[in-house]
Amino acid sequence: MKTLTKAALIVLALSTAACTRPDRFGTGADATGAGAGFGADGSITDPTSPAYFNQTIGDRVLFQVDQSTLTPEAMSVLEGQARWLLDNAQYLAVIEGHADEQGTREYNLALGARRANAVREYLVSRGVPVTRLQTVSYGKERPLAICSDETCYSQNRRAVTVISLGGL
Amino acid sequence: MIRKFLAVLAMFVWADVALAQSGPLRLTITDGVIEPLPFALPTFQPEGAGAEQVAADLSQVIASDLIGTGLFRQIPSSAFISPYTGFSQPIAYADWRAINAQALITGAVAVSGGQVEVKFRLYDVFSGGELGDGLRFVGSVDGWRRMAHKVADTVYSRITGEGGYFDSRVVFVAETGPKDARQKRLAIMDYDGAGVQYLTDSGTLVIAPRFSPSGDRVLYTTFESGFPRINMIDVATVGRQQITTAAGEMAFSPRFSRDGNQVIYSLSSGGNTDIWRTDLLTGQHTRLTSAPSIETAPSFSPDGSQIVFESDRSGSPQLYIMSATGGEARRISFGDGRYGTPVWSPRGDLVAFTKQNAGRFHIGVMRTDGSEERLLTASFLDEGPTWSPNGRVLMFFRETQGAAGAPSLYSVDISGRNLRQVPTVTFASDPSWGPLQR
């Protein structure tokens, strides 16, 4: 038990160095070549591949204005994420919380942390070990959609589960 | 003569003109100036070879400082009746009165051995005498802009009775690239946008820098490790170090105490954000708020006894004041909308803030009890006010709308007049105005 915890901690430290560089934000489907199917993240048809996680299961959930409450749709995506993470135990995840541009920078950073944590808590409630999950917030710093109306804002109020190999 | 001057001056300000007994040239800044006070500034006299360019540049910066306040207006040299013959020549007051120059600023500049010497005098034209003694500044040629700002600060102070703010610097975030891949660097510049110097490279996301009260250090939030942490950078050496905060998943929103020895900041853990204080000398951490809501954007009162901050404990972001040691907080914002980024004024009487209401953002000020709220600006996105050293002007950033939207720096005086864009080479956000330099 003791050694297991230790191993998990080392893995966590490795993953921090490997997968959470500041330039890695909510890449998800974009990083896999948006449907190209075969890349570093594997084939979209392979259920054990990150590409499958990102695109078929869905790597992100969306939030209402100012909210960090999970919608029924979000919960259904997270059910899939939890199952996948349990089935593919070699992967770790960093959950990135984001906000739209309607808010001050520092408040949005805190709001993004709330959103990321809501996702983490849900995944943990479904059995994913908390040691495999980290959270970070980018606030309004990394918008995905750049127009200034609700069609974009709704895509930016998100939490993205970014998975990476734990190095096991 | 004095009476006539005062009568003229009274026309130039709204109310509450300081009618000093002796009647010197005096402009009291209250509700805002209707008509700027006219001044004449003949190009400073170059003394000896090699001083022409510096003299011309210096004169231009002094005039630009004064005009930029919105309180002064420069009379063009083409209107001058008597040509300016020399720094030591007697002043032909009648000729300056005739063109309604209320103030006359004269000077001379000498350059030798990499040093520049600036002498200047300020005249109250309608009283027919000097306002204060002549002053002389000596410094390196490279520092000529600072000498210009010092001359302008002196003129501003003598006429308004307020401290100046021209010889000061602003730390901000220089932004480049498209909206969905912005690169951000910390940068420092003079208050007027000149002399930009970068403190970090663009490889790491950085946000919200804050000057130390003495201007020697800057605190900011960095994603260097992949997670928000607080760094401190030494302005002179550009050496930087991470602040060891209390343990948490994210640390951000740092501000110095007035003595520069403590940092207050937000710490997030488990999705909850509270305000903490860390003593830079002892390394001791103290938790100042303990609520399930978001507490962030703290700002010390000038005497260091209180902290104004932002919290959504009521259900939406509002402003609160608590003791600097934590404990009970009282809400001060009660208008419509959401309030954030409170910043206590250097004079202690006002709190500047960002307000979001009905799809618009505003920069505003209110008294520390929440009364007399005044909104100074309005746009798609105005955010993050910072006070000039004398508490008379606010700088903030304004972001434009849409896919090509980008931020720029602006300043506005606390009457809501004189909104101006601060020129920057790149997009710019998150300004923090430093102290007057020594």
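Residue numbering restarts at 1 for every chain, and letters A, B, ... go by the order of the sequence lines.
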inquiry  = Just verifying a value: how many Å separate B:Q356 CD and A:T104 OG1, rounded to the nearest 0.5 Å?
reply    = 8.0 Å
Test log, rule side-chain contact (heavy atoms from CB on, under 4.5 Å), inputs B:F380 and A:Q102 = CA-CA 9 Å; B:F380 166 70; A:Q102 302 169 286; over 6 Å; no
key: Residue B:Y339 versus chain A: region with a heavy atom under 4.5 Å   = neither
query = So which part of A:A116 gets closer than 4.5 Å to some heavy atom of chain B, the side chain, the backbone, both or neither?
reply = neither
ask   = Shortest non-hydrogen contact from B:F361 to A:E101?
value = CZ-O, 4.4 Å
inquiry  = What's the separation between atom CZ in B:F227 and atom OG in A:S137, rounded to the nearest 0.5 Å?
reply    = 11.5 Å
From OH (A:Y107) to OG (B:S316), nearest 0.5 Å = 8.0 Å
inquiry  = On a heavy-atom basis, which atom in A:V136 and which in B:G226 lie closest, and how many Å separate them?
reply    = CG2-O, 3.4 Å
query = If you count heavy-atom pairs under 4.5 Å between each of A:A118, A:G103, A:A113 and chain B, which one has the most?
reply = A:G103
Option passing salt bridge (charged side-chain N to carboxylate O under 4.0 Å, His left out) with A:E141 (candidates B:K179, B:R182, B:K184) = B:K184
key: Between B:G359, B:G270, B:A297, the one whose heavy-atom pairs under 4.5 Å with chain A are most numerous   = B:G270
Side-chain donor-acceptor pair present, B:Q401, A:S148, cut-off under 3.5 Å = no
ask   = Contact part of A:R120 toward chain B, heavy-atom cut-off under 4.5 Å: side chain, backbone, both or neither?
value = side chain
request  = State, yes or no, whether a side-chain contact exists between A:R105 and B:F252 at a heavy-atom distance under 4.5 Å.
outcome  = no
ask   = Between A:N117, A:T135, A:N156, which has the largest tally of heavy atom pairs under 4.5 Å with chain B?
value = A:N117
note = When rounded to the nearest 0.5 Å, the distance separating CG of A:L109 from CZ of B:F223 is 5.0 Å
key: Interface moiety of B:I294 toward chain A, non-hydrogen atoms closer than 4.5 Å   = both
inquiry  = I need the B:S268 OG to A:R114 CZ distance, nearest 0.5 Å.
reply    = 9.5 Å
message = Quick check for you: among B:T222, B:D312, B:L381, B:T221, which has the greatest number of heavy-atom pairs under 4.5 Å with chain A?
response = B:D312
message = Measuring from atom CG of A:L111 to atom OG1 of B:T296, what distance do you get when rounded to the nearest 0.5 angstrom?
response = 11.5 Å
query = What part of B:T354 lies closer than 4.5 angstrom to a heavy atom of chain A: side chain, backbone, both or neither?
reply = side chain
inquiry  = Testing the 3.5 Å rule here: is there a donor-acceptor pair between the side chains of A:E106 and B:T341?
reply    = no
request  = Test B:D180 against A:R142 for salt bridge (Lys or Arg N to Asp or Glu O under 4.0 Å), laying out the working first.
outcome  = CA-CA 6 Å; B:D180 56 353; A:R142 297 301 191 207; over 6 Å; no
